[in-house]
> 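Can you read through this structure? Questions will come right after.
Heavy atoms only: backbone and side chains are in, while hydrogens, waters and symmetry mates are out. Below, read A as the first sequence line, B as the second, and so on, with proteins coming before strands; counting in each chain starts at 1.
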Protein chains: 2
Amino acid sequence: MLFLEGTSSAHLYTVLSGCGFRYKLLPDGRRQILNYCFPGDFIGLQGSVMQEMQHSIEALSDMVLCVFQREGLWRLFETHAGLSFDVTWLAARSEQILDQQLLSVGRRSAIERCAHLLLLFACRSEELELAGAPNKVRIAITQQHIADTLGLSLVHTNRTLGRLIRNRVIRWKEQEFEILNRNRLAELAGEVETAKAVRPLL
Amino acid sequence: MLFLEGTSSAHLYTVLSGCGFRYKLLPDGRRQILNYCFPGDFIGLQGSVMQEMQHSIEALSDMVLCVFQREGLWRLFETHAGLSFDVTWLAARSEQILDQQLLSVGRRSAIERCAHLLLLFACRSEELELAGAPNKVRIAITQQHIADTLGLSLVHTNRTLGRLIRNRVIRWKEQEFEILNRNRLAELAGEVETAKAVRPLL
DNA sequence: CGGAACTTTGAGTTTCCTCAAAAAATGTGG
DNA sequence: CCACATTTTTTGAGGAAACTCAAAGTTCCG
């Protein structure tokens, strides 16, 4: 599944299962991943509200989406105050996550960025109760995805993750990583873990 | 004027005049500016919707704000579908700008970041019709602000801007800069200028 | 006029990048 | 289950972008 930037997609989606990510490209191919979309997330609000999408979306695993008609958004606001409030809640929340990423990419070192991202994945995973075991996160990404999320090169990302692995802060096997030393990770990220917010169910 | 992170501000604001910026700090003082707030922008949606603000705000000039009660937001959704739609529109728009910044900070070189930011300022300034002369932007920021917006050090920012000035791409005097070669700037930024969106007036 | 804030420049260092290639894992068809 | 192609991870080496420290100019402002 793939939506391309610039297309005026007529739809809004809610992720029911699976996950994917939003990203932007520069003309020469450099890619920046903006955020990840997990179940419960809303996709396409920008495209619904603005003229066209300014980003692209790609799936990491099979996704099941609930589709809304774009024109329906306006009707939703007229007739379902509660739901439209939730839409706005989700928008505010994803803005918060973007804020965090921007802080990370702008001001944290490579190892701090990795620590913060892994912690973010862990938090979201727990929030969704996707987690089988605690501190284990199952997500189908490659190191290239991590590099493009953190604004680092693939090679440097690999070396930095390697450092975390060698120091027994995390473990990384196949499509899953495990946090061995959460305190150390939080210390590196330099941020208090975010209080879990009650998420509305759309 | 200053709002501190973590405080549970009971208010929502619309900027009527003046401008400011949102930012986050790391424990050791590193600062990342998230975005700038110009007239018409909405401040505090996150704080209204989530438990507390995760960022701080600082004014660059005297600001006149229109204050809403936080509890009023829910009532607004119930009674004024049109206005609540606009609130969401503004949220989607600021998310778009955050996306752009994230791309910039993550994947552009120092000179590309500067070019992109200057262009962004110019676009917003024109959109607001604050601009006296075309290609002139009046904004009360220091190079430290630019550095903290772009995730660069002050020294490197200074050298990079110096390069743009020496090459007659821009001019910089006091609280105002002028774009001398807009094409070159756009070329460096590597992005088509965004189509102007019709902004709702709150 | 003097102090504070901001800009500019120099010098040396570090982080992160690119290029290149090997090793390991994954997937595919026979 | 194996041979082969592809993708992903890992390692080495050298280079460039950006950083830090330090200090000198400038401008701003009371």
> Less than 3.5 Å apart, any donor N or O on the side chain of B:R75 or B:T79 sitting next to an acceptor on the other?
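Not at all, the side chains of B:R75 and B:T79 share no donor-acceptor pair under 3.5 Å.
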
> Is A:F21 close to A:L34 at the side-chain level, that is, under 4.5 Å between some pair of heavy atoms?
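The answer is no, as the side chains (C-beta and beyond) never meet within the 4.5 Å cut-off.
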
> By nearest nucleotide on DNA chain C, pick out whichever of A:V155 and A:T160 is the more 5' one.
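Between the two, 5'-proximity favours A:T160.
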
> For residues B:S153 and B:H156, is any side-chain donor paired with an opposing acceptor at under 3.5 Å?
no

> Along DNA chain D, 5' to 3', what are the outermost nucleotides having an atom less than 4.0 Å from a heavy atom of chain B?
D:dA18 to D:dC28

> May I ask you to test the B:T14-B:F68 pair for a side-chain heavy-atom distance under 4.5 Å?
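Yes, their side chains come closer than 4.5 Å.
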
> Under 4.0 angstrom, heavy atoms only, what part of the nucleic acid is B:T142 near: base, sugar-phosphate, or nothing?
sugar-phosphate

> Return the orientation label for the B:F77 and A:F85 ring planes: parallel under 30°, perpendicular over 60°, tilted otherwise.
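Ring orientation, 0 to 90° scale: perpendicular.
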
> Please tell me whether A:S94 and B:E95 have a donor and an acceptor in their side chains that are separated by less than 3.5 angstrom.
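Distance-only check passes for A:S94 and B:E95.
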
> Check the pair A:E187 / A:R184 against salt bridge (charged side-chain N to carboxylate O under 4.0 Å, His left out), numbers first and verdict last.
CA-CA 5 Å; A:E187 198 182 318; A:R184 180 72 188 120; 3.1 Å; yes

> Tell me yes or no: between the side chains of A:D148 and A:Q144, is some donor less than 3.5 Å from an acceptor?
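Per modelled atom types, A:D148 and A:Q144 side chains form a pair under 3.5 Å.
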
> Pick the closest DNA chain D nucleotide for A:I141 and for A:R107 by heavy atoms, then say which residue is nearer the 5' end.
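By nearest-heavy-atom nucleotide position, the 5'-most residue is A:I141.
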
> Per the end-axis method with five pairs at each terminus, what is the bend angle of the helix from C:dC1-D:dG30 to C:dG30-D:dC1, to 10°?
50°

> Anything under 4.0 Å to a heavy atom of chain B counts; send over the first and last such nucleotide of DNA chain C, read 5' to 3'.
C:dC6 to C:dA11

> Using only heavy-atom distances, determine whether the side chains of B:E178 and B:N135 contain a donor-acceptor pair under 3.5 Å.
no

> Does any donor atom in the side chain of B:T149 or B:Y23 lie under 3.5 Å from an acceptor atom in the other side chain?
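Side-chain D/A pair, B:T149 to B:Y23: absent.
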
